[in-house]
Amino acid sequence: MIDLVQLRRDPETVKKSLARRGVSATTLDELISADVTHRSLMLVAENLRAQIKDLSRQVGEARRSKDSATADELALRSRELGDDERRAHETAEAAGIDVRNLLLDLPNLPSPDAPEGRDETHNVELRQWWPGMDDGQPFPSFGEHQRVAHWDSAKELGILDLETGAKLAGSMFPLYRGDGSRLIRALGAFALNAHADEYEEIRPPTFALTETMTSTGHLPKNSIEMYAIERDDLWAIPTAEVPLTSMLRGEIIDEQRLPIKMTALTACFRREAGAAGRDTRGVLRVHEFDKVELFAYCTPEQAQACFDDVLARAEGLLRALGLAYRVLDLCCGDLGTSAKRTFDLEVFSPGVDRWLEVSSVSWFGDFQARRANVRYRSSGAAPTLVHTVNGSALAWSRIWIAIIENYRNQDGSITIPSVLRPFFNGRELLRAQN
RNA sequence: GGAGGGAUGACAGAGCGGCCGAAUGUACCGGUCUUGAAAACCGGCGUGGCGAAAGCCACCGUGGGUUCAAAUCCCACUCCCUCCGCCA
């Protein structure tokens, strides 16, 4: 949620900033006038309320001094005002809901540093990295044995069973088996271990209440993207960002505690409505996948350092896994609703012959904190909204693809990246199993 | 699932339907005293909205209701605690 006070004080700046992401000035003018209406209606209602309270106070005084004639008369007047007050209050409240709805619809102001652009074609590639690059080697050229899509090679190895997954939960719910399953587990454990030095490990609930989803901004807008368990008013989380952002909802944090850094490995659920058919072969796009998330609540001053740290950790994992990747600076038009700045990490996978998004690192400013009402206080000062930063490190279903495809050998076996071998009892190869 | 108890400011903990936005204690901030600290004493100390300010309004788990007037009465719900049952 953007800052309404800022919009009031400096509408031009807000308009200019949001125009970069395609929000029209008319939309903002609408909000501004709704806000004016709301405030004037509120003033009317509050004045009536003040009069009623004053009269009621006088009734009490009259009663105490046994002047019941005056008391009755005052009570009657107050009662008459009551009907007006109720109506005024309802009108004002409705106007307030209008304002809130308009406000909830608006995306965050992009960072001044975010590149211009309407859609993903305008994203800026900042850099690439690949194994051996630091020693002057060129981008890897891949052999024919690596040009095999994972849906073929993994099936051959017996580590991915999409048919059985579909039998259990429908299409796009993958079932990994044997070493395929173990590889997923290894990746999650590897990442959590890597982050545990500075980030508190959290294992949150996989489901969240409507109230929680709303405070993170996932509801009401994105409801078709999420799985719901209506009977219990629960939603399957699309990312650990949801529970982590809400952990300190409504609280005022002592500045000394910031930054608060957390990491969590959870399943993530996405309905991918409308995505069927495109880029969905194998496990390119699935309804359920595991992801390790990094998250920080921080002061505005700490935000840049936190952002850099999350990005560095995500990149660090990719380097440790020996996978070629690139970093994209998302343009204004491609930013998620809540983000001010986002860097995506994409890994190259030769079998499907494309870059796969495996991480998204975002700085949200106080946008999420305003809705979730998370603030901090530095000694004596008024509470201030925190900033939030988060990023995946990493989303495993696509890393899994990249490993299966990049590390495929001529005989069809897969070389296990060295950092993962401890999770395979030291084994180096992943072979066909029966 | 059954029975009972509870939910008030950072924490603890009062609060006959009417000067209660809320006693008191602790913590915290400022000051006096002190070489310094502690103690003692004095003062301050919730959040949000509107407003230039004075001030007004809202908030005592949540949502309704009764009343001229609700933290206080009524109803529903949520959460927590204790006991019983069931069970990874």
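Below, chain A is the first sequence line, B the second, and so on; all start at residue 1. Because only heavy atoms are used, hydrogens play no part in the values below, and waters and symmetry mates are left out as well, while side chains stay in.
Rounded to whole Å, the separation between the P atoms of B:C20 and B:A70 comes to 16 Å. Comparing B:U8 with B:U66, their C1' atoms sit 22 Å apart, to the nearest whole Å. On the C1' atoms, B:U34 is 11 Å away from B:A39, given to the nearest whole Å. The separation of B:C16 from B:C11, taken at their C1' atoms, amounts to 28 Å, rounded to a whole angstrom. For B:C73 and B:U67, the C1' atoms lie 10 Å apart once the distance is rounded to whole Å. The C1' atoms of B:G15 and B:C60 are separated by 10 Å, rounded to the nearest whole Å. Taking atom C1' on both nucleotides, B:G63 is separated from B:U24 by 32 Å, rounded to a whole Å.
If you check B:U26 for Watson-Crick or wobble pairing at under 3.5 angstrom, you find it paired to B:A10.
No donor-acceptor pair closer than 3.5 Å links the side chain of A:S392 to the backbone N or O of A:A395. In this structure, the side chain of A:S40 engages the main chain of A:T37 through a donor-acceptor pair within 3.5 Å.
Scanning residues 75-108 of chain A for heavy-atom distances under 4.0 Å to RNA chain B yields A:A75, A:S78, A:R79. Contacts with RNA chain B (heavy atom under 4.0 Å) in residues 39-60 of chain A: A:R39, A:M42, A:E46, A:R49, A:A50, A:K53, A:S56, A:V59, A:G60, listed by number.
Between B:U47 and A:R377, a contact under 4.0 Å exists linking OP1 or OP2 to a side-chain N or O. When the side-chain nitrogen and oxygen atoms of A:R375 are compared with OP1 and OP2 of B:G48, one or more of them lie within a distance under 4.0 Å. Residue A:R64 has no polar side-chain atom (N or O) positioned under 4.0 Å from OP1 or OP2 of B:C19.
By the 4.0 Å N-to-carboxylate-O rule, A:R271 lies too far from A:E225 to be salt-bridged with it.
In this structure, CZ of A:R257 is placed 14 Å from P of B:A10, rounded to the nearest angstrom.
There is no side-chain donor-acceptor pair under 3.5 Å between A:E346 and A:Y325.
Within the structure, salt bridge (charged side-chain N to carboxylate O under 4.0 Å, His left out) pairs that include any residue of residues 45-60 of chain A comprise A:D54-A:R57 (at least two apart or interchain).
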